[in-house]
Amino acid sequence: MPTLPSDPTRPDSPPGISLRGWLDHLQQSGRLSVIRPGTDLRFEVAAIANRLDSHSASLFLEPGGHAIPVISGLLSDRGWMAEAMGVAPADVLARFQDASLNPIAWREVDDAPCQEVVHREVDLLKQLPIPTHNEHDSGAYITAGLLISRNPRTGVQNVSIHRLQVSSANRLGALLLPRHTLAYFQETESAGEDLEVAVVVGNDPLTLMASQAIVPLDHDELEIAGALHGEPLKVAQCVTNRIRVPAEAEIVIEGRLLANTREQEGPFGEFPQYYGERAERHVIEVDAITHRQAPMFHTIVGGGLEHLLLGGIPREATMLAHLQRSFPSVRDVHLARGGVCRYHLYVQIDKRSEGEGKNVILGALGGHYDIKHVVVVDTDVNIHDPNEVEWAVATRFQADRDLVLVHDSQGSKLDPSTRDGVGSKMGFDATVPLDAPTMRFKRIRVPGEQDVDLAAVSEPAGDDWQQRLAPSR
Ligand code: MN
């Protein structure tokens, strides 16, 4: 089995600071599976990665005959993300929020591992092991690439993940949602010019998470990555354009988002567990591929846990900060997995004033257009347990007075029940009225239940269990 070159580890840093260090960390705790050479890049890589999802990360050796291995499932569990950041699970949002508010500027270096090999003649499918994931995907997709662009006026960079269809040897079809990459592109396109970009594949877990921060335009997500690292991120300038990329990345695809060019892209299996439709979309022309001497290609299976959580946790941090600015009573938020870590927000508040639950609903719905349904609960409800939230709705909510309904608002274009992204929002105020009699909403509880030492008081029954019954007289 070929060995992968590993970076010198920095023992006092969180394990997520380098990709190879993180894979080492997973391997040492039995959470890295190696898949034998020869896996088919069409469906089989995704099938195996999905089966291992949340149990172990996967490392595919020589997939489809390619020398470059594929990795997947690096962060397919909430607890793993906490580990990567070096904090307790309860502190993930606070740590992420702190990094978003206190970014650390990157440091440029000349000598970048990600540029050890340079291909100026590009053939994407020949040079990279790019999988086809879901049944009706239009073909091979790059799904874990950080797309880095540059504000043509200010030079500030933006980082985001976009699905990238391999359309030909040197062309990628890109879905640009109405956010920062699109804003920069519209600037250059209106001047008739292309937008320089780089697509960076094979990033450390902290940089991956930072790319998903929901911060204002012209806040460079690589600086948030630096804050999560606790030191400036090393970057290097691309060989064909002015974009700066993480120097320790595995693979960089350099190119341009073409002005006045649209081509067919899709369908592609997306996070809501449906296919994003085929349509005329933006196009990247690739100018060069650079990579490490022996790189790894990271793929995220569309709709898998890694896909859901990577978007979900940074959004939770952003939403918690957003709500706490207006509502000091907000204790915690959670984007539930059943709501694809995007559409269903649970909010826990320490309610002090009547009506506060509804204000929080209104604030949450305004916080991000993806949020569709909001449930607000009291501090005695565990928002990380969907059964607890359902219980609160079942027993503390009355539709005639506790429901907030908004029609025809901007929602997620990937939600198939919307009309091209226009849909309804709904909020459930499942908090207890402040003037309710004390016993009415008191949760039942057996004293001492939490403290029982089961091993000390019980054992598995043997087949003599009937003989052990005391004779009654
Ligand atoms: Mn941004």
Side-chain angles (χ1 to χ4, degrees), residues 75 93 95-106 142-164 172 174-189 194-201 203-229 232-233 235 238 241-246 249 252-253 255-257 271 281-282 284 300 307 309-322 325 335 341-342 366-371 410 412-414 421:
L75 290 169
L93 301 191
R95 177 77 191 99
F96 197 84
Q97 208 173 304
D98 179 62
S100 302
L101 293 172
N102 301 290
I104 295 180
W106 33 258
I142 297 169
T143 55
L146 303 190
L147 194 154
I148 307 184
S149 57
R150 193 170 176 275
N151 184 329
R153 277 185 300 138
T154 62
V156 175
Q157 295 202 147
N158 187 70
V159 188
S160 47
I161 299 180
H162 301 261
R163 68 188 206 216
L164 299 168
L172 296 166
L175 172 66
L176 304 188
L177 292 172
R179 298 201 76 242
H180 300 161
T181 310
L182 186 60
Y184 290 176
F185 176 72
Q186 284 166 341
E187 287 262 339
T188 52
E189 187 177 47
D194 301 341
L195 181 72
E196 297 176 341
V197 297
V199 175
V200 185
V201 182
N203 295 278
D204 67 80
L206 300 180
T207 301
L208 262 182
M209 280 189 248
S211 77
Q212 298 304 293
I214 299 174
V215 286
L217 189 77
D218 279 352
H219 284 230
D220 182 347
E221 288 83 359
L222 290 186
E223 298 190 349
I224 299 171
L228 288 175
H229 281 217
L233 191 73
V235 302
C238 283
N241 64 39
R242 290 169 294 175
I243 303 292
R244 269 62 169 186
V245 293
V252 179
I253 299 165
R256 289 156 291 116
L257 263 164
F271 67 81
R281 300 247 161 72
H282 296 86
I284 294 172
I300 294 174
H307 190 185
L309 289 171
L310 206 49
I313 283 167
R315 281 157 195 256
E316 286 179 357
T318 309
M319 195 52 62
L320 182 61
H322 163 75
R325 267 197 291 278
L335 286 162
C341 297
R342 305 287 195 286
H368 194 286
Y369 59 75
D370 273 348
I371 292 175
Q410 186 194 1
S412 165
K413 284 191 190 248
L414 294 173

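Order of listing sets the numbers, starting from 1, for every ligand and every atom in it. FYI, side chains are in, hydrogens and waters are out, and symmetry mates aren't considered; it's all heavy atoms of this structure. Start at 1 with the first residue, then count along the sequence.
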Colleague: Check the pair Phe96 / Ile313 against side chain to side chain contact (heavy atoms under 4.5 Å, CB included), numbers first and verdict last.
Modeller: CA-CA 9 Å; Phe96 197 84; Ile313 283 167; 5.7 Å; no
Colleague: Counting N and O atoms only, with roles assigned by atom type, does the side chain of Glu196 sit under 3.5 Å from a partner on the main chain of Arg242, one being a donor and the other an acceptor?
Modeller: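 Looks like yes, one N/O pair under 3.5 Å.
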Colleague: At less than 2.8 Å, would any N/O/S atom of His219, backbone or side chain, sit next to the Mn ion (ligand 1)?
Modeller: no
Colleague: Can you tell me which N/O/S atom of His180 has the shortest distance to the Mn ion (ligand 1)?
Modeller: ND1
Colleague: Quick one about Thr181 and His162 (side-chain donor to acceptor, distance below 3.5 Å, no hydrogens or angles considered), yes or no?
Modeller: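 Yes, Thr181 and His162 have a side-chain donor paired with an acceptor closer than 3.5 Å.
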Colleague: Please state whether the separation between the Mn ion (ligand 1) and some N/O/S atom of Ser160 is under 2.8 Å?
Modeller: no
Colleague: On a heavy-atom basis, which atom in Leu217 and which in Ala183 lie closest, and how many Å separate them?
Modeller: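 Looking at all heavy atoms of both residues, the closest pair is CD1-CB, 4.1 Å.
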Colleague: Indicate if the distance from the Mn ion (ligand 1) to the nearest N, O or S atom of Asp218 falls below 2.8 Å.
Modeller: no
Colleague: If you define the side chain from C-beta out and look only at heavy atoms, does anything of Glu189 sit under 4.5 Å from Leu195?
Modeller: no
Colleague: Any idea which N/O/S atom from Glu221 gets closest to the Mn ion (ligand 1)?
Modeller: OE2
